[in-house]
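Everything below concerns the one structure shown next.
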Amino acid sequence: MDHLWVNARLATFDPRVSAPYGLLEGQVLAVEGARIAGLFPMDAPEVRAFRGDVTDCAGKVVTPGLIDCHTHLVWGGTRAADWEARLAGVSYTEIAKRGGGILSSVRATRALSEAELLKASLPRIHALAEEGVTCVEIKSGYGLTLEDELKMLRVARRLGALAPHLCIEVAPTLLAAHAIPPEFAGRADDYVSLICDAIIPAVALERLAEAVDVFCESIAFTPVQCDRIFTAARASGLAVKGHVEQLTNSHGAELVSKHGGWSADHLEYLDDAGVAAMAKAGTVAVLLPGAYYFLRETQKPPVAKLRAAGVPLAVASDLNPGTSPFASLRLAMNMACVLYGLTPEEALAGATREAAKALGRAERMGTLAVGKQADFLLWDVAHPAEIVCALGTNPLAARVVKGRAGDA
Ligand code: NIG
Ligand code: FE
C-alpha cells in the first residue's frame, strides 16, 4: 500500500455489501500503484501502522469512477436544424428518409481532417471528465467508408491518450453499420459486405476497436444483415453490441444475445422474448433516456421486466449530435430515474458496475473492491443520491484515476 484515503464514506457498489449503494461508513481506501489494495475501518491495525501518503476525505462520499458506456462523441457539424424540424413535428424517421439525421452528420464528419475532428470532440470529452467520467465508450459511425471510419477511431484513440491531463480511458467501438451511406443507396447488402470483408478486418488488424455495434432498425440494417456483421466481428475476435428496438421491434436484442453480446442498447420496443434472451445470455441492457427524451418518445423500455429477469441495467448518455446532444452522464442518470423509474442507486450502479459489464471491463472496473483499478471520485454530498439529483452545480471534489489524483 502506498496511499491511504482516510475518513471516507465508501459507496462501493460491491454486491457483497448489503447496505444501499454498498455503503461502508468511516472507511479507509488503500491504494497500491494503480490498484485498490484494501478497504479498512479507520481503527484497523494496517492503518495505524502505515507510514506513507495519507489524504483525509473529510467524510466525503467516494464512488467508483463513472463509466459512460455508450457515446458517439466524435462528430463534425451540428444537427440543430434537425432539432428545430423535430420540434415542429417532423419525425426522426422522416428526417432520416430525407437524407438528414445521421447522414447529415456523415457529410460533416467526412469533411473534417483527423486533427479537426479531434478539436471538435475535445470539449465533449472534457465535459464528461469534469463530472466524473473515468472511462468512456466512443463509437465510429459518421464516416461509413473504410478511411473515414478509421479516421474516427483514430480520433477516439487519441482522446484516450490525453492522459495525464484528462485521465480517461476510451473503449472504442466500430459502428460502420449506423446508416446506409448514400453511395450504397439501394445496395445495402453490398455495404454490409464492405463492412464484413474490409472494414472489420482492418479495424481488428490495427486494434482500433474492441467491439462492433450495429443499428438494427427499420430505417437502418435488417437482422439478417446484422447477423452477418456480428459473425464477421466475432471471427475477427471483436465483441458485439447493438442499437436495438429503439424505434420498432426487429428482435435485435435476441440477435445480440445469440452472439453473446456485451450489451443491447435503447430497448424501448423490447418484447418478452427479448428480455428472456438477454437474461439467458447475460447481456446488459443499456438504457439511453436522453434519446427517449430528445425524440419525445412515449414508449418506455420494459424496466420492471428487465429487473425481474435479472438483466443488468446500465445507463449511458448516448452523447451524439442528433438524438442526445448533451455531454452529461449525471443528467442521463437523472433522466433514468425521472423518466424510466430507476432508483438513484440503480442509476449510479448503472453508470459504474453495470456499465463496466457493458464494456467487458467488469473484472477491472465499476466497484470499489480489492484488486480493482483505483479509479474513484470524491463527492461533496451528504447523500449519494445527490450525485444524481443536484444538477447545475458540480459536487465532484476530486478525481483519482489509476491511483493518481487530479483536479476535479
Ligand atoms: O443512439 N440510433 C442510432 N444512433 C444514435 C443516433 C445517432 C444520430 O442520430 O446521430 C442513437 O440514438
Ligand atoms: Fe447510440
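Remember, it's 1-based here, ligands and their atoms both numbered in the order they're listed.
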Aromatic ring pairing H70/H243, orientation class (parallel under 30°, perpendicular over 60°, tilted between):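 Answer is perpendicular, since the angle exceeds 60°.
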
Mark up the atoms of ligand 1 that fall under 4.0 Å of a heavy atom belonging to [X], in ascending order.
X: T323; result: 6 (C), 9 (O), 11 (C), 12 (O)
X: R79; result: 8 (C), 9 (O), 10 (O)
X: H70; result: 1 (O)

Is [X] salt-bridged to [Y], cutoff N-O under 4.0 Å?
X: K372; Y: E363; answer: no
X: R361; Y: E169; answer: yes
X: E94; Y: K97; answer: no
X: D213; Y: K241; answer: no

Candidate list R158, R157, K151, K119, test salt bridge (charged side-chain N to carboxylate O under 4.0 Å, His left out), partner E114, passing option: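 When R158, R157, K151, K119 are each tested with E114, the salt bridge (charged side-chain N to carboxylate O under 4.0 Å, His left out) holds only for R158.
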
Of all the non-hydrogen atoms in the protein, which one sits nearest to [atom], and at what distance?
atom: atom 11 (C) of ligand 1; result: D318 OD2, 3.2 Å
atom: atom 4 (N) of ligand 1; result: H178 NE2, 2.9 Å
atom: atom 2 (N) of ligand 1; result: Q246 OE1, 2.7 Å

Angle at the Fe ion (ligand 2) (to 10°), with one arm to NE2 of H70 and the other to NE2 of H72: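 Here the angle at the metal atom is close to 100°, to 10°.
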
Three-point angle D318:OD1, the Fe ion (ligand 2), H243:NE2, rounded to the nearest 10°: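 So the angle at the metal works out to 170°.
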
H266, portion touching ligand 1 at heavy-atom distance under 4.0 Å: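 Side chain only; the backbone of H266 stays clear of ligand 1.
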
Y142, portion touching ligand 1 at heavy-atom distance under 4.0 Å: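 Side chain only.
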
4.0 Å heavy-atom contact, Y92 with ligand 1: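 Yes; Y92 lies near enough to ligand 1 that a heavy-atom distance drops under 4.0 Å.
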
side-chain hydrogen bond (donor to acceptor under 3.5 Å, both in side chains) between H251 and E254, intermediate numbers included: CA-CA 5 Å; H251 305 285; E254 286 166 67; 3.0 Å; yes

Working for side-chain contact (heavy atoms from CB on, under 4.5 Å), residues D380 and K60: CA-CA 6 Å; D380 213 350; K60 291 191 178 58; 4.1 Å; yes

